[in-house]
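All ligand and atom numbering here is 1-based and tracks the order in the structure.
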Amino acid sequence: MSNNKFRHIAQTIDNRILEGLYPANTKLPPHRVLASELGTTPSTVAKAYSLLAEQQKVVSFVGKGTFVCANSMLENAIQATDIEREYNFSILQPCLIYNQSTLQNAFRQSAQDLSLDMLGYADHSGHMAHKEAGAKWARNFGLNVQHAQEILLTNGAQNALEILIHTYTQPGDVIAVEQYTYPGILSIAQLHGLTLVSIPMDEQGMKVDALNQALKDHDIKLVVILPSHQNPTTITMPLARRKAIAKMIAAHSTWLIEDDLYGFLNDEVIPAITNFIPEQSFHISGLSKAISPALRCAYLKAPRNEIRKLTARIRASIWLASPLTFNLAQCLIESGEAFTLVNTQKNIARKRQAFTKKALSFLTHYSHDTSYHIWIALPDKWRGDTLMMETQDRQILISHGRFFTSCSLTSQNSPANSHGEYIRLSLMAIDDESHFQQGILQLAELLNDDPKHALTPLT
Ligand SMILES: Cc1ncc(COP(=O)(O)O)c(C=O)c1O
């Protein structure tokens with residue numbers, strides 16, 4: 001026991017981190033203090049901290065102490081704004097101030113027109129008129145929908161992902177995700193006890209040969225792909241790659257989940273992967289990113305033979321997605337206002353991308369002109385943990401690239417910097433333009449400088 005005492009202490013600290021007693025980014029107690037609490041010596045605590053640092057659970061800074069690393073849990077990756085002064089480059093949402101008055105008017109109008117049948121229970125998959133509106137929305141951005149019956153209504157895209165993963169996997173199953181992906185998918189997989197295979201990407205998205213190999217090596221139940229303005233890398237998969245991925249999926253007995261929540265940002269309509277394998281694929285679109293995440297309106301297109309199974313899952317979990325917000329969504333889509341809001345948001349994104357790319361031109365970064373976010377390879381002198389620490393001191397919220405990786409079974413690509421660390425900046429969460437610009441300039445200044453706090457080398 002005595003030789004391994006530091007492992008036992010490390011486990012105790014790790015449990016405290018998991019239980020939330022030591023939240024992400026907080027400073028751990030000094031060696032001496034924890035040693036006296038746990039009845040051990042300061043050097044044993046130091047060894048325990050080193051072990052946890054090796055496992056990337058904590059990070060130490062010279063002269064500052066040891067801090068809990070943020071991990072890929074959703075609450076770390078996506079931080080809602082709670083103070084006016086802060087610069088929130090963490091949360092991915094539309095610039096709401098530009099949508100507010102259209103939404104206020106549409107709410108008034110749809111409240112006035114509310115019919116009695118909207119107030120009661122309905123078919124669990126949703127009202128047909130709302131599905132028609134969803135079909136119109138999704139078709140507009142490249143999805144083939146033959147009949148609105150193929151559409152199911154869910155409380156946001158997260159709900160659709162959860163319903164699909166829950167329906168088509170058992171604990172212990174393997175699913176394939178992109179090398180970097182939306183942390184909401186990682187959270188579902190973790191809660192369901194799934195193993196993730198992380199498939200390498202290139203500048204066109206998931207690599208086909210790597211997917212082929214993974215499908216040969218593992219019994220993969222589901223492949224999850226974000227084809228447009230990928231979260232977090234911003235990669236948009238071109239048509240040829242979409243077709244090649246569809247062909248690969250068709251050659252194996254697996255399902256595709258195509259989460260195309262950012263498809264409306266594409267400059268030209270690109271056909272959905274689902275169009276090429278409609279019997280083997282589920283497609284998710286929705287209004288959270290184009291209009292407002294508060295609507296919780298997503299459209300899930302499923303193969304006809306799967307509709308009953310998925311409707312049963314909706315019934316068992318949420319009974320019915322709220323018809324009231326889908327009614328509002330229908331008004332916005334049918335009046336064309338939803339598409340006007342899309343153009344407004346794309347114009348803001350275009351302006352903010354141009355400003356950010358200029359301010360951060362000394363860094364390697366990836367994005368399209370209308371992406372909501374930008375993916376930045378950190379220069380060699382900066383590590384993600386150090387940057388998180390220093391941005392926090394300046395009330396700047398950013399997302400560490402680590403939040404977007406699973407790494408249970410990973411094969412890596414060569415990164416654009418020697419340590420392979422990235423950050424994601426969301427450019428749309430700040431309403432005020434000059435506040436946004438100030439935040440970007442502060443960040444640029446910080447990244448141009450040398451870090452104030454050096455990482456303590458691991459012994
Ligand atoms: C790729 C992706 N899918 C799903 C979601 C969840 O969206 P919703 O708010 O509609 O549940 C997000 C949110 O950031 C996302 O980026």
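Listed by number with element, the atoms of ligand 1 under 4.0 angstrom from any heavy atom of G156 are 10 (O), 11 (O). If you number the atoms of ligand 1 from 1 as listed, the ones under 4.0 Å from a heavy atom of L226 come out as 1 (C). In the vicinity of Q158, heavy-atom distances shorter than 4.0 Å reach the ligand 1 atoms 6 (C), 8 (P), 11 (O).
By the 4.5 Å heavy-atom criterion applied to side chains, L378 and L447 are counted as neighbours.
Ligand 1 does not have Q93 within reach: every non-hydrogen atom of the residue lies 4.0 Å or more from it. Using a 4.0 Å heavy-atom cutoff, R296 is listed among the residues neighbouring ligand 1.
Of the N and O atoms on the side chains of H124 and T311, not one donor lies less than 3.5 Å from an acceptor on the other residue. Under 3.5 Å, the side chains of D260 and S228 contain a donor-acceptor pair of N or O atoms. One side chain, R424 or N231, offers a donor N or O that lies under 3.5 Å from an acceptor on the other.
At least one N or O atom of Y262 sits closer than 3.5 Å to an N or O atom of ligand 1. Considering backbone and side-chain N/O of A157, one or more are found under 3.5 Å from N/O of ligand 1.
Atoms CG and NZ, from D173 and K221 in turn, are 5.0 Å apart once rounded to the nearest 0.5 Å.
Applying ring pair (Phe, Tyr, Trp, His ring centres under 6.0 Å) to Y180 and the options W375, F404, F403 leaves one that passes, W375.
Closest heavy-atom approach to atom 2 (C) of ligand 1 among the candidates D260, I284, D259: D259.
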